[in-house]
Every structure is written in C-alpha cells, then in structure tokens.
Amino acid sequence: MPLQKRHRDFGWLFIVCAGLFPLVLGILCTAIEARHTVRQQQIAAAGTLLAQAEKMSDSAWDMITTLRQYQHRPCAEIEETLQRTGTLNAYFRSIGMLQGDRISCSSAYGLGHGRLSEMMMQPPPVTGKAWWSLSIRGTLGVPARPAVIFVRQLPDSSGFWAVIDGQYLMDFMHAMGESRGYQMSLQFNGGAIIHSGPGEQPAQLYIKSAEYHATSARYPISVHVTVPASELIKSWRQALLIFLPMAAIFSILLMVLTANWLRRRLSWADEIRRAMRNRQFTVHYQPVYSTEIERCKGAEALMRWQLPNGEMIRPDIFISHAESEGMIVPLTRHLLELMAEDLQSWPVEPGFHIGFNLAAEHLQHPDFVQDMMRFARRIRHKQMVITLELTERSLIEDGELVARKLRHLQSHGMKVAIDDFGTGHCSLSYLLTFPLDYLKIDRGFINAIEGLETETPVLDTIITLCHKLQLDVLGEGVETALQFAYLRQRGVGLIQGYYYARPMDNDRLQAWLSEQGRQPLSAEVTHEPELHHPG
Ligand SMILES: Nc1nc2c(ncn2[C@@H]2O[C@H](COP(=O)(O)O[C@H]3[C@@H](O)[C@H](n4cnc5c(=O)[nH]c(N)nc54)O[C@@H]3COP(=O)(O)O)[C@@H](O)[C@H]2O)c(=O)[nH]1
C-alpha cells in the first residue's frame, strides 16, 4: 500500500475514533446515570412502602392493645363492639380473641369459629414469642386475597388477633409502581409474598432487571422493588435523548479539531514528498525579453503546486517551508526533472536562456555540481543556456567553495545570475569575487520609476555599476510601458515582468513562443501607465 494511502487511512481512523469517543462515552455515562436514577427511585419507593407497612403494623398493634380491655368477657357481650371497632378502623379485615389455639370470638363470625390455623389457612409460626405477625396467602373467609395477621398471646393462654387486608398494601404498591413499571412486594416475618403485579419479566438485550431489597428496623418486614429491564432501557433512552444532541455537537467539534490537528501534524516535508510522488508540482515559465535583439531571449522556470482539490499553494510559502524542513534539494531536483521533460518540445533556437532559482543549501550540497550537470546532459541536444539564479544570501556561506563550483559550471557553458539584487546583504566585494554573469534588479527598485526623464538614484546606480563591471542587467517585475522604456533607455538588456509576459504553463508557453516569441515589444508611454497583460 502506498505511503500516502496509509497516511490517509490512519488519519480517517483517528477522525472516526474522535467522533465516536463522545458518543460511546455518552452512551456509557447515560447508562450509568439511568441506573443511578432508577436506584434512587427504588430506594425512595422501598422507603415509602416500608413506612406504610409500619404504619399499618402500628395500627394493628394498637388495635390489639385496645382489645385487651375485653379480656375474659363473653363473646356474646363484646361481639357487636368487636364488629364496630373492626369496621370503623381502616385496614382491618377482622379482629378477635383467642383461647389457646382456638378463636373464641371474631368480628366477622362472632362466637367460636374454629382454630387459628384454620382461619389463617396454615399452621401458626413457631416463634416462641408472645407477639408475632405474618403475611398469609388468605383467610378462611377470603382465601384468594393475601392478608397480614398480628397475634398477641397472654400467659394464661388467652390472646388477641387482628387481620389486615392485603388489598390495602397491594393497592398502595400498585399506585406507587404503576407509572414507572416497578414491581413491588413485601413480606411479614418471611410469610407469603404480597406483590403489586405480575412476577418475573424477561431480561432484554442482556440487561437484567434491577432489584432492591430493604427491611424495617422496627418490625420483621422486608420489601422488594424490582425495575424490569424494559423500564431501565426506557429511562436510559430518555437520558440519551437529552444527552445525544450535546454528544453529537461534541463529536463534530472533536472531529474538526482532530482533522485540523492531523493536517498540521503532517509536516510540510511529508506533504512535499507526497506531492512530488503524485505529480502535484508543475513548472510555469516566464519569458524574458532582450532589448538588444528585440525578441524573447529566454525564460525563468517557476514552480507551481496544485492540490487535488484545485487549491494552489503559493511558491513563496512552500519554498520557504521546503528550505526550513530540508526539502529544498529534493524539490529542486524534482523541478529539474519536470523541466527536462517540458523542454524537449520547446520551439527555440540554440542559445535560448533557461533560468531557475537555486537555494543556498543546494549550492553547499556535495551533489550540487552533479545535479546541475545531469540536468545539462538531459537537455544538451536543445543547446540552451542554463542560468543559475542565486540569491545574495547563497554567496555568503562557504563563499570560496561555492565560487569554485560555479566557475566549474560556467566552464560548461552555464550562466550565473544574482536574483532580487539589492534586497539581500551582499557586499559589493562579492560582485568582484564571484563569477557572476548578470544581475536581476529587484522589482522594488523598478517600482520607484516615476518618469522617463526623472532620475531614480538607486536604480540608476545599480545599472551603472553593472555596466562598469561588465555584467548583464535584467529588470524584474516590469509592469508598465514607462518602466520598460526607462530601463531600455538606460541600457538594461533584459526585461522580465507582466508588461512583457506573465508566467504560463508549458503548453501555453510553447504556443506563446511560436506566436509572439519573435515579436519586438513596443513602449508606448502615456501619462497614465497601463498594465499590460499579454495573452
Ligand atoms: N528556489 C526556488 N524558488 C522559487 C521557485 N519557483 C518560485 N520560486 C520563488 O518563489 C517566490 C514567488 O514566486 P512566484 O509567485 O512564482 O512569483 C514570480 C513571478 O510570478 C513574479 N513576477 C514576475 N513578474 C512580475 C511582475 O511584473 N509583477 C509582479 N508583481 N510579480 C511578478 O515574481 C516572481 C519571480 O521572482 P524571481 O524568482 O525573483 O525572479 C519567488 O521568490 C521565486 O523566486 C523554484 O522552483 N525554486
């Protein structure tokens, strides 16, 4: 797999993970939050149910205490009172008195109504205690409805009992649990389970129902609150509905940040390497006019970088990054490769100049001479004059060594030019020491031209200096007829700028050379100099 593809896949994986992270985190957090909320609700519901069961127990024991006043009184005498007391007090199904294990009086049936075990439809528990309570499945009179029985036995084997109807508890549990789908149950003393609704519900998607169990500190009562899996999922879904829009925004934000981070993280060196492999670099050529032979005498190669989406990256930006990230030498080699391909079909005569820019680092590179010679060999049959355009900075470091290399290349017919002259830190002595063929005057000086007869002191001095040193002069960035006329009048032999021609791609340049390359450039100076846009 090519490196570029691996990079891209890796990047997408990062972005997708960044996007998924808030979503997954959100799903987990809402699941935990939903469980926590349900737990709190279970605790609250269990507490309320226990409180209600305790309140009923209090009533039952109070009732039994009240019954003590009727101890040893015949049933016929108290039967009516029992009936009234049992009916007028909330919760009670029946109340009564015991003699041994027999029911001696009952608010429901009056005198003598069998044994206690018959009434509660099961043997009484063996607790060894004088006070006990038990939840039961039903009573003899109402066998299908649960109840809770409370019994107090006295040492003389008499006793009292009260039965609370389980329906009160069932209704209470139902009212509390119905809206939330909870199942609630309670037991007195480990007896029959009184519950609010249907029993077990199946687990869903491996989510088990949530159980909560609590006991009373005052009575032997235990309660269970069960939240079925479907209810847990429902409450999770509600939490998700609130959280998901936020998570989605976070997700998008994180993806954008990650994408930006990745873009910045991929260094310019990587990007340039990739762009070379994918042939994203092309070369544009800007014609150079000779005022002596009055036609195009050469062209300067200028690199262009176009991304697959059509976006262009400015040369001053990518060149400076290539220089700072150690990529300028490979990039210049790539430029020479592209140029060698382009130049094969150029309709030019021998002696046509082809110039290109060189960075200081390349001049100091051990393979510099070899690189230039290889390029020269590839275009030898075109008999062009190769012009190496250097900046003033390139001459400062390793001056003597660089000078030797340049002399060697000059001996093979190449020319050396100083680019952007006047903008760097070149001392005038360099002009004498270095093997230079011509100077390219920076467009900043050309812009200073105000009129044909008005002096432009710095520009005029540079031109005079070049003449004295017998260096050819090229005026860069010539945009108007006035600038062109001014330079020509002062003996500047070479002109480059939009006034003559803009940089153009290989195909357009070849057409331009055939159509306009041999035509002289006129300089019709008006008061308002116009920008000339050839082609
Ligand atoms: N080491 C390398 N440097 C390179 C290479 N290709 C370009 N460059 C350097 O990048 C800088 C910007 O170049 P570019 O945007 O291509 O601009 C060139 C011309 O388009 C521009 N120009 C030419 N005529 C005019 C004009 O009339 N007006 C105007 N405003 N601009 C004009 O000038 C740039 C050419 O400059 P120079 O090289 O000094 O002749 C620039 O510094 C390039 O050198 C590369 O392959 N290698």
Side-chain angles (χ1 to χ4, degrees), residues 268 272 275-276 280-289 296 298-306 312-340 342 353-365 368 371-372 375 386-394 416-424 426 438-449 473-484 486-487 492 494-506 508-509 521 529-535:
W268 278 91
I272 289 170
M276 287 196 287
Q280 289 173 11
F281 289 107
T282 54
V283 188
H284 280 206
Y285 300 92
Q286 185 174 31
V288 173
Y289 183 76
C296 178
E300 179 186 0
L302 296 159
M303 230 179 184
R304 295 289 178 263
W305 181 1
Q306 185 167 27
M312 301 292 299
I313 301 189
R314 279 177 27 206
D316 50 340
I317 292 176
F318 71 77
I319 294 289
S320 76
H321 282 292
E323 284 179 346
S324 62
E325 295 192 24
M327 284 303 292
I328 193 65
V329 173
L331 191 61
T332 308
R333 285 184 185 142
H334 187 61
L335 168 83
L336 297 179
E337 283 293 313
L338 296 173
M339 283 172 67
D342 288 349
H353 284 225
I354 179 69
F356 54 87
N357 296 283
L358 282 168
E361 190 192 328
H362 204 163
L363 294 179
Q364 276 132 33
H365 195 279
F368 168 62
D371 288 345
M372 297 306 118
F375 173 64
I386 296 171
T387 304
L388 314 175
E389 300 192 9
L390 324 175
T391 55
E392 294 168 65
R393 190 171 71 83
S394 345
V416 178
I418 294 286
D419 204 0
D420 306 330
F421 184 74
T423 57
C426 192
Y438 59 88
L439 293 189
K440 292 183 78 173
I441 305 173
D442 187 72
R443 72 165 160 276
F445 301 111
I446 310 289
N447 279 340
I449 296 171
V473 203
L474 184 149
E476 280 188 304
V478 176
E479 294 183 345
T480 65
L482 169 65
Q483 291 168 350
F484 173 67
Y486 186 100
L487 294 171
V492 172
L494 298 164
I495 301 292
Q496 184 181 347
Y498 296 166
Y499 182 65
Y500 182 47
R502 282 178 177 256
M504 52 193 106
D505 65 27
N506 186 38
R508 276 170 49 228
L509 178 89
L521 182 59
E530 275 177 39
L531 202 67
H532 178 72
H533 297 297

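Indexing begins at 1, ligand by ligand and atom by atom, following the structure's order. Side chains are part of it too, since the values below use all heavy atoms of this structure and drop only hydrogens, waters and symmetry mates.
Nearest approach of Pro330 to Met276, heavy atoms of both residues: O-SD, 3.8 Å. Residues Ala301 and Val283 share a closest heavy-atom pair of CB-CG1, 3.7 Å.
An N or O contact shorter than 3.5 Å links Asp419 to ligand 1 by distance. For ligand 1, the polar-atom distance check finds no N/O of Ile319 at less than 3.5 Å from any of the ligand's N/O atoms. Close N/O approach between Asp420 and ligand 1 is found [any backbone or side-chain N/O within under 3.5 Å].
Given atom 17 (O) of ligand 1, the protein heavy atom at minimum distance is Arg304 NH2, 4.6 Å. What sits closest to atom 23 (C) of ligand 1 on the protein, heavy atoms only, is Gln286 OE1, 3.0 Å. Given atom 19 (C) of ligand 1, the protein heavy atom at minimum distance is Leu302 CD1, 3.9 Å. At the shortest separation from atom 27 (O) of ligand 1 among protein heavy atoms lies Tyr498 N, 2.8 Å. Nearest protein heavy-atom neighbour of atom 10 (O) of ligand 1: Pro315 CB, 3.7 Å. Closest to atom 38 (O) of ligand 1 among all protein heavy atoms lies Glu300 OE2, 2.9 Å. The nearest protein atom to atom 20 (O) of ligand 1, hydrogens excluded, is given as Pro503 CG, 3.4 Å; this is a heavy-atom distance. Given atom 46 (O) of ligand 1, the protein heavy atom at minimum distance is Met303 CB, 3.4 Å.
In this structure, atom 6 (N) of ligand 1 is in close contact with the protein, since a protein heavy atom lies within 4.0 Å of it. Of the protein's heavy atoms, at least one falls inside 4.0 Å of atom 40 (O) of ligand 1.
Contacts between Val478 and ligand 1 below 4.0 angstrom, taking non-hydrogen atoms only, involve the backbone exclusively. Residue-level proximity to ligand 1 for Lys440 is carried by the side chain, the only part with a heavy atom below 4.0 angstrom.
Side chain of Gln483 to backbone of Glu479: a donor-acceptor contact under 3.5 angstrom is found.
Close approach to Gly497 involves these atoms of ligand 1, each under 4.0 Å from a residue heavy atom: 24 (N), 27 (O). Close contacts of ligand 1 with Leu335, meaning ligand atoms under 4.0 Å from a residue heavy atom, involve 46 (O).
Remark: His284 NE2 to Asp342 CG distance equals 9.5 Å, nearest 0.5 Å. Between the CG atom of Asp419 and the CG atom of Leu388 there is a distance of 11.5 Å, given to the nearest 0.5 Å.
Between the side chains of Glu300 and Asn357, at least one donor N or O lies within less than 3.5 Å of an accepting N or O. When only modelled atom types and interatomic distance are considered, Gln280 and Trp305 share a side-chain donor-acceptor pair under 3.5 Å. Residues Asp505 and Tyr285 have side chains that never bring a donor and an acceptor to within less than 3.5 angstrom of each other.
Side-chain atoms of Met303 and Leu331, non-hydrogen and from C-beta on, do get closer than 4.5 Å to each other. In this structure the side chain of Leu494 never reaches within 4.5 angstrom of the side chain of Val473, judged on heavy atoms.
Aromatic rings of Phe484 and Tyr500 (six-membered ring for Trp) have centroids beyond the 6.0 Å cut-off, not under it. Checked against a 6.0 Å centroid threshold, the rings of Tyr499 and Tyr289 do not count as neighbours.
In the candidate list Glu476, Glu479, Arg443, Arg443 is nearest to atom 21 (C) of ligand 1, counting heavy atoms. Of the candidates Asn357, Asp316, Leu358, it is Asn357 that places a heavy atom closest to atom 44 (O) of ligand 1.
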